[in-house]
Student: 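Submitted below is the structure of interest, expressed as structure tokens.
These numbers come from the heavy atoms of this one structure, side chains and all, not from hydrogens, waters or symmetry mates. In what follows, chains carry the letters A, B, and so on, assigned in the order in which the sequence lines appear, proteins first and then strands, with residues in each chain numbered from 1.
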Amino acid sequence: MEKLKKISLKEAGQLIQDGDMLTFSGFTIWRRPMALVYELVRQKKKNLHLFEVNGGTHTEVLAGAGVVKIWESCWVGHELYGKLGESIARGQVEGSMIIEDYSHGHVVARLLAGAFGLPFMPTALSMGTDILNPKYDMLGKAGLRDGKNPKIPKEKYTITQDPFYGKGDILLMPAANPDWAIVYVSQVGDEGTVRVNDQTYTDAEAIKAADKVIVVAEEIVPDSYLRNDPQKNIASGYDVDYVVEAPWSAHPTGSQGYYDVDANFMRDFYSASKTKEGYQKFADEWIFGVENHEQYLEKLGVSKLESLRANKALGYSTRIKRGKR
Amino acid sequence: MSNKNEFVKLEECKPIDLLAVAAAREVHNGDVVFAGTGLPMLAIMLAQYTNAPEAVCIYEAGSIDGRPIDLPTSVGDARCATQATMASGLTEAFYGQLHSGSVDLAFLGGAEIDQYGNLNTTVVGDYLSPQKRFTGSGGNPDINSFAKRTVFIMVQEKRRFKEKVDYITSPGWRLPKWPSGEMVHKKEVYGKFFRGGPSAVITDMAVFRFDDEGVMYLDTVHPGYSVEQIQEKCGFALNVSKVSGETKLPTYNDMDLLYKKVDPEGIFLP
């Protein structure tokens, strides 16, 4: 086993080149690699191509900073804490970003094909919708399906007939193989074995589909500890290229077993993101106003972090106020 | 305290309580239910306490048949996985459960709907130059396209009940068949993958269902509203020839469960 390449958040950010295609771990507002996402903004990346099974707070941090050119996905928002993805919405309405809409099942199909080394994956989900309207192929409209970019398929999808059992129409979804998977995980072993707590989302698929993988872990643990329960692990060390150890690095998103979603922080970010000026103010304070992740945590403060800390038995915080009562 | 199984008086419940209870009543015991965030969660959990104790719930982030102690605030929440049979991922949710044909009932929301149950959660205006962008599809069209029955929970407004939705995010009963875009019955689009479609729309004013042709009709009117008031808040000519009566109010037991067991923190309820 090759020795684990341990790097810093800053070094991880420097690996990402302008125009690269990225995908992420997590689901909406859970287990997103926020600390590295902030670092990409701090390093002023350009023209990033995001392929995401679903978007969330991290998408909006990137889109608001103007570093995103293409967003292929199905959904973006902050769940209960912000009903829309304001910066992606602004990008589409203004025409400053290329938004390619799929359904959730379609993007899963695309990532699965990429993960399994297949050129496409069939699915019959979400047929008969405007997602498949040929007029709404936005990468095609932008002239980007000419085969010059190896990461952009020549068609958004195709329809074929089931050749075996006569089930009728079925869709073929092209594989997605991003340049990078940026994956926040619960634990990584000192030989690179990867574990996430509870729901696995599409984290294992993202790791397999991407050319290179950066794992940002809540903690690094002895590999032998993870190998005692191999059924809880989602990837082996040889799938991982770089590892960053950064506690609390999913904040303000939640991490099962470690901390809950920071609802107030997310609500504040969402209201700020409704205007470009608001976003800039947020970025000046929380991204450019701190030099690194450690300063960000200091700024949040111990009592804030303690309120979010997960109950050891339940895996989420019981001390935060979530509702109106 | 009145008998727990008696219906509350109109002034004793809020519109959202009636929405949750009416939705819960759509669950059959033993149903495999795929639920979205918000009111759908209240509905499935209430149903499990009342009319459908053997119903199971799948959330699209991968928790299968969870028994949350605390109400999740989203389908990816850590709380969804408490006492689940599996804490899996989206491949299991979309292919292993949905595509394989395991799902009986979907509970979903939406921004705009037409008389065939086509739903829009993507944009307002022309997609190529939209006035406003919503969240996008999420799993709504996937879940809706493969569940045997779908119940939509929505707010009753004229701008939401439209003759024609600006963008078909999620499939109703009459759909464009691509690549031509010809409007046909859902069965023609889905072939042997066809399993069903929208069965009810529940709003703060009424319950709607779909006839054999897949056209929406008014079924029950919530107490305190008239058929005329509902037509006024609907952007297409509503079939009101099959109204079966008033929607039943929640019982005292329903209200107790909703406020003390399902959402005691007041996350979705006031």
Side-chain angles (χ1 to χ4, degrees), chain A residues 27-30 53-54 73-77 79-80 83-85 88-89 92-93 101-105 108 112 123-136 159 165-170 198-205 254 256-257 260-261 310 314-316 318 322-325, chain B residues 37-38 60-63 69-70 73-74 76-82 87-91 94-95 98-99 122-123 127-142 145-146 167-171 175-179 181 186 189-193 263-268 270:
Chain A
F27 186 97
T28 67
I29 58 169
W30 291 88
V53 168
N54 53 69
S73 194
C74 73
W75 187 96
V76 61
E79 299 282 9
L80 189 60
K83 60 180 180 176
L84 294 177
I88 288 288
Q92 186 177 22
V93 170
D101 276 301
Y102 283 97
S103 81
H104 214 170
V108 169
L112 270 178
T123 178
L125 298 173
S126 299
M127 296 195 293
T129 63
D130 271 327
I131 293 165
L132 306 175
N133 188 332
K135 285 193 300 190
Y136 300 157
I159 305 178
Y165 298 103
K167 283 198 165 189
D169 281 2
I170 189 158
D198 293 329
Q199 297 101 315
T200 54
Y201 305 140
T202 37
D203 295 351
E205 292 86 344
Q256 284 84 343
D260 225 302
V261 172
L314 294 167
Y316 50 84
T318 50
R322 298 193 302 150
K324 296 165 213 85
R325 273 176 269 132
Chain B
T37 292
E60 74 196 88
S63 63
I69 304 166
D70 297 297
T73 61
S74 67
D77 197 318
R79 291 159 185 81
C80 298
T82 303
S88 64
L90 279 70
T91 300
F94 283 113
Y95 275 100
L98 198 55
H99 217 300
T122 305
V123 291
Y127 183 76
L128 297 176
S129 53
Q131 294 148 33
K132 187 177 168 61
R133 161 113 195 162
F134 299 127
T135 52
S137 72
N140 193 313
D142 307 308
S145 65
F146 263 62
Y167 181 97
I168 300 176
T169 310
S170 195
L175 291 169
K177 186 174 168 72
W178 304 113
K186 187 180 176 189
V189 173
Y190 280 82
K192 287 187 180 163
F193 294 108
D263 188 9
E265 292 171 77
I267 292 168
F268 300 110

Student: Between Asp203(A) and chain B, with a heavy-atom cut-off of 4.5 Å, which part of the residue counts as in contact: side chain, backbone, both or neither?
Tutor: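 Looking at Asp203(A), nothing touches chain B.
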Student: With side chain to side chain donor-acceptor pair (under 3.5 Å) as the criterion, how do Asp101(A) and Tyr127(B) come out once you've worked through the C-alpha distance, each side chain's angles and the decisive distance to 0.1 Å?
Tutor: CA-CA 11 Å; Asp101(A) 276 301; Tyr127(B) 183 76; 2.6 Å; yes
Student: Which pair of non-hydrogen atoms, one from Lys324(A) and one from Ile267(B), has the smallest distance, and what is that distance?
Tutor: NZ-O, 3.4 Å
Student: Compare every heavy atom of Leu175(B) with every heavy atom of Gly128(A), then report the nearest pair and how far apart it is.
Tutor: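 Smallest interatomic distance, heavy atoms only, reads O-CD2, 3.1 Å.
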Student: Between Asn133(A) and Tyr167(B), is a side-chain contact (heavy atoms from CB on, under 4.5 Å) present by the stated rule, with each step listed?
Tutor: CA-CA 10 Å; Asn133(A) 188 332; Tyr167(B) 181 97; over 6 Å; no
Student: Using a 4.5 Å cut-off on heavy atoms from C-beta on, say whether the side chain of Leu125(A) contacts that of Tyr95(B).
Tutor: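 No, too far: nothing below the 4.5 Å cut-off.
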Student: So which of Val76(A), Ile88(A), Thr202(A) has the biggest tally of heavy-atom pairs under 4.5 Å with chain B?
Tutor: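 Winner by heavy-atom pair count: Val76(A).
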Student: For Val53(A), is it the side chain, the backbone, both or neither that has a heavy atom under 4.5 Å from a heavy atom of chain B?
Tutor: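 Only the side chain of Val53(A) comes within 4.5 Å of chain B.
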Student: Is Ser137(B) close to Ile131(A) at the side-chain level, that is, under 4.5 Å between some pair of heavy atoms?
Tutor: yes
Student: Kindly give the heavy-atom pair with the smallest separation between Ala89(A) and Arg133(B), and that separation in Å.
Tutor: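 In this case the closest contact between Ala89(A) and Arg133(B) is CB-CB, 3.5 Å.
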Student: What pair of heavy atoms forms the shortest contact from Tyr165(A) to Lys192(B), and how long is it?
Tutor: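 Here Tyr165(A) and Lys192(B) meet closest at O-NZ, 4.1 Å.
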Student: Could you check whether any side-chain heavy atom of Ser145(B) comes within less than 4.5 Å of a side-chain heavy atom of Met127(A), counting everything from C-beta outward?
Tutor: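 The answer is no; the side chains never approach within 4.5 Å.
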Student: Hey, are the side chains of Leu90(B) and Glu205(A) touching, using non-hydrogen atoms and a 4.5 Å cut-off?
Tutor: no
Student: Using non-hydrogen atoms and a 4.5 Å limit, figure out which bit of Thr82(B) sits close to chain A: side chain, backbone, both or neither.
Tutor: side chain
Student: Heavy-atom distance under 4.5 Å to chain A: side chain of Lys132(B), backbone, both or neither?
Tutor: both
Student: Select, from Pro171(B), Gly136(B), Gly76(B), Pro264(B), the one with the greatest count of heavy-atom pairs under 4.5 Å involving chain A.
Tutor: Gly76(B)
Student: Relative to chain B, which of Gly315(A), Ser103(A), Gly168(A), Ser73(A) shows the most heavy atom pairs under 4.5 Å?
Tutor: Ser103(A)
Student: Can you name the closest pair of heavy atoms from Gln199(A) and Ala61(B) and give their distance?
Tutor: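 That would be CB-O, 3.8 Å.
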Student: What's the separation between atom CG in Asp130(A) and atom OG1 in Thr169(B), rounded to the nearest 0.5 Å?
Tutor: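 Going from CG on Asp130(A) over to OG1 on Thr169(B), the span is 7.5 Å.
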Student: Tell me, please, which residues at least two apart from Asp263(B) pass salt bridge (Lys or Arg N to Asp or Glu O under 4.0 Å).
Tutor: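 Not a single residue meets the salt bridge (Lys or Arg N to Asp or Glu O under 4.0 Å) criterion with Asp263(B).
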Student: Of all the heavy-atom pairs spanning Gly89(B) and Thr200(A), show the shortest one and how long it is.
Tutor: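 Distance-wise, the nearest heavy atoms are N-OG1, 3.2 Å.
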Student: For Ile159(A), is it the side chain, the backbone, both, or neither that has a heavy atom closer than 4.5 Å to a heavy atom of chain B?
Tutor: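 Contact with chain B is through the side chain of Ile159(A) alone.
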Student: Residues two or more places apart in sequence or in another chain: which of them pass salt bridge (Lys or Arg N to Asp or Glu O under 4.0 Å) with Asp169(A)?
Tutor: Lys177(B)
Student: Any heavy-atom pair between the side chains of Leu84(A) and Thr135(B) that's under 4.5 Å?
Tutor: yes
Student: Between Arg79(B), Glu60(B), Glu265(B), which has the largest tally of heavy atom pairs under 4.5 Å with chain A?
Tutor: Arg79(B)
Student: Top residue by heavy-atom pair count (under 4.5 Å) with chain A, among Gly266(B), Gly38(B), Pro176(B)?
Tutor: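 Sorted descending by pairs with chain A, the first entry is Gly266(B).
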Student: Going by atom types alone, do Tyr316(A) and Asp77(B) pair a side-chain donor with an acceptor below 3.5 Å?
Tutor: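 No, Asp77(B) and Tyr316(A) have no side-chain donor paired with an acceptor closer than 3.5 Å.
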Student: Do Thr91(B) and Leu112(A) have side chains that get closer than 4.5 Å, going by heavy atoms?
Tutor: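 They are in contact (side-chain heavy atoms under 4.5 Å apart), so the answer is yes.
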Student: Counting heavy-atom pairs under 4.5 Å to chain B, which of Glu79(A), Gln92(A), His104(A) comes out on top?
Tutor: His104(A)
Student: If you tally heavy-atom pairs under 4.5 Å against chain B, which of Ala204(A), Pro134(A), Gly77(A), Gly85(A) wins?
Tutor: Pro134(A)
Student: Just so I understand: if I count every heavy-atom pair under 4.5 Å between each of Gly191(B), Ser88(B), Pro179(B), Ser170(B) and chain A, which residue has the most?
Tutor: Ser88(B)
Student: When heavy-atom pairs shorter than 4.5 Å are enumerated against chain B, which of Thr318(A), Ile170(A), Leu80(A) gives the highest number?
Tutor: Leu80(A)
Student: Return the option, out of Val108(A), Leu132(A), Thr28(A), with the maximum number of heavy-atom pairs under 4.5 Å with chain B.
Tutor: Leu132(A)
Student: When rounded to the nearest 0.5 angstrom, what is the spacing between OG1 in Thr73(B) and CG in Asp260(A)?
Tutor: 7.5 Å
Student: Against chain B, label Thr123(A) side chain, backbone, both or neither, depending on which of its atoms sit under 4.5 Å from a heavy atom there.
Tutor: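 For Thr123(A), heavy atoms of backbone and side chain both lie under 4.5 Å from chain B.
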Student: Indicate yes or no for a side-chain donor-acceptor contact from Asp198(A) to the backbone of Ala81(B) under 3.5 Å, with no hydrogens or angles considered.
Tutor: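 No: the side chain of Asp198(A) does not pair with the backbone of Ala81(B).
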